[in-house]
Amino acid sequence: MKKILLFLTVAVLGLTGCKDDEKITDLTGTTWKAYEIQEIRGTTYEWGSTITFTSDTRFTASFFNKEDGVTTDSDQQVGTYVYNSPNVTLTVAGESVTGTVNKKSIVMHLDGSDEETVYTRQ
């Protein structure tokens with residue numbers, strides 16, 4: 001009986017450990033969000049962005065900027081993407097940005113810059 005319990009415990013731990021290492025093979029139907037808020041010299045700045053992968057080649061992206069709670073800019077765009085795990089390239093109006101996907105986040109890299117934006121899976 002002790003051997004069976006030990007085997008089941010090891011099996012459960014093994015399966016639990018594997019889940020975090022799994023790669024995402026398909027982005028279709030997933031939504032990812034990034035959000036940032038900062039206060040600078042008494043003014044509150046908010047920025048948010050959402051990416052939804054609507055098919056195996058298309059996505060919708062939206063964003064907003066707020067200053068002291070007032071929306072100063074917002075937009076929604078539709079684009080295409082290529083996903084070759086773990087890398088994704090998003091293209092809108094001829095402009096592309098690349099990112100690295102894992103189970104919980106996408107880290108988008110701005111070309112020619114060290115800046116990154118982290119999107120969290122919803």
Side-chain angles (χ1 to χ4, degrees):
M1 184 69 166
K2 287 182 183 180
K3 287 182 181 180
I4 292 172
L5 288 175
L6 179 61
F7 173 76
L8 290 175
T9 302
V10 170
V12 168
L13 290 175
L15 291 174
T16 304
C18 291
K19 281 188 172 185
D20 288 340
D21 296 336
E22 289 177 8
K23 291 183 180 179
I24 296 175
T25 58
D26 185 13
L27 294 175
T28 304
T30 62
T31 298
W32 308 76
K33 291 186 179 182
Y35 177 78
E36 185 176 324
I37 187 167
Q38 293 181 338
E39 187 166 331
I40 301 172
R41 296 185 193 116
T43 301
T44 302
Y45 297 94
E46 292 177 74
W47 173 87
S49 179
T50 302
I51 300 170
T52 301
F53 295 94
T54 56
S55 76
D56 61 349
T57 60
R58 297 180 64 77
F59 73 94
T60 301
S62 60
F63 77 92
F64 70 86
N65 290 315
K66 290 184 179 182
E67 189 173 315
D68 287 333
V70 176
T71 301
T72 58
D73 195 11
S74 65
D75 196 9
Q76 184 172 9
Q77 299 178 334
V78 175
T80 59
Y81 73 96
V82 175
Y83 181 52
N84 186 8
S85 182
N87 302 309
V88 63
T89 300
L90 308 177
T91 304
V92 174
E95 298 290 325
S96 296
V97 62
T98 59
T100 305
V101 179
N102 67 45
K103 188 173 182 181
K104 297 178 184 177
S105 65
I106 299 176
V107 179
M108 300 302 292
H109 313 279
L110 298 176
D111 293 335
S113 171
D114 291 336
E115 289 185 50
E116 296 179 340
T117 301
V118 178
Y119 288 79
T120 304
R121 188 171 184 173
Q122 301 301 294

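Only heavy atoms go into these numbers, but all of them, side chains included; no hydrogens, no water, no symmetry mates. In this text the structure is predicted, and so the values were computed from the model without any measurement.
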Note: Ser49 and Tyr119 closest approach over all heavy atoms is OG-OH, 2.9 Å
Would you mind reporting whether Thr120 and Lys33 have side-chain heavy atoms less than 4.5 Å apart?
-> no
N/O donor to acceptor pairs below 3.5 angstrom from side-chain atoms of residues 92-100, sequence neighbours left out:
| residue | atom | partner | partner atom | Å |
| --- | --- | --- | --- | --- |
| Ser96 | OG | Thr91 | OG1 | 2.8 |
| Thr100 | OG1 | His109 | NE2 | 3.4 |

Acceptor/donor pairs from residues 54-62 side chains to any protein atom, 3.5 angstrom cut, sequence neighbours excluded:
| residue | atom | partner | partner atom | Å |
| --- | --- | --- | --- | --- |
| Thr54 | OG1 | Arg58 | O | 3.2 |
| Ser55 | OG | Thr57 | N | 3.2 |
| Ser55 | OG | Arg58 | N | 3.1 |

The complete set of ring pair (Phe, Tyr, Trp, His ring centres under 6.0 Å) pairs with one or both residues in residues 87-107, sequence neighbours excluded, reads none
Contacts of Thr30 meeting side-chain hydrogen bond (donor to acceptor under 3.5 Å, both in side chains) (sequence neighbours excluded), chain-then-number -> Trp32
Contacts satisfying ring pair (Phe, Tyr, Trp, His ring centres under 6.0 Å) that involve residues 72-92 (not counting sequence neighbours) are Phe53-Tyr81
Note to self: Hydrophobic cluster membership, with links at side-chain heavy-atom distances under 4.5 Å among I/L/V/M/F/W/Y: are Val118 and Leu27 in one?
What the structure shows: no
Applying side-chain hydrogen bond (donor to acceptor under 3.5 Å, both in side chains) to Thr89 and not counting sequence neighbours gives none
Scanning both residues in full, the closest heavy-atom pair of Thr44 with Glu39 reads OG1-OE1, 3.9 Å
Residue set satisfying side-chain hydrogen bond (donor to acceptor under 3.5 Å, both in side chains) with Gln38, at least two apart, ordered chain then number -> Glu36
Applying side chain to side chain contact (heavy atoms under 4.5 Å, CB included) to Tyr35 and not counting sequence neighbours gives Ile37, Glu46, Phe64
Counting only heavy atoms not in Glu115 (residues, nucleotides, ligands), do more than 12 fall under 6.0 Å from its CD?
no
With hydrophobic residues grouped by side-chain heavy-atom distances under 4.5 Å, do Leu90 and Ile24 end up in a single group? yes
Residues at least two apart in sequence or cross-chain that pass side chain to side chain contact (heavy atoms under 4.5 Å, CB included) with Asn84, listed by chain then number, are none
Cluster membership besides Val82, Ile/Leu/Val/Met/Phe/Trp/Tyr side chains within less than 4.5 angstrom, sorted by chain and number, is none
side-chain hydrogen bond (donor to acceptor under 3.5 Å, both in side chains) filter on Ser105, not counting sequence neighbours, yields Asn102
Contacts of Asp26 meeting side chain to side chain contact (heavy atoms under 4.5 Å, CB included) (sequence neighbours excluded), chain-then-number -> Thr28
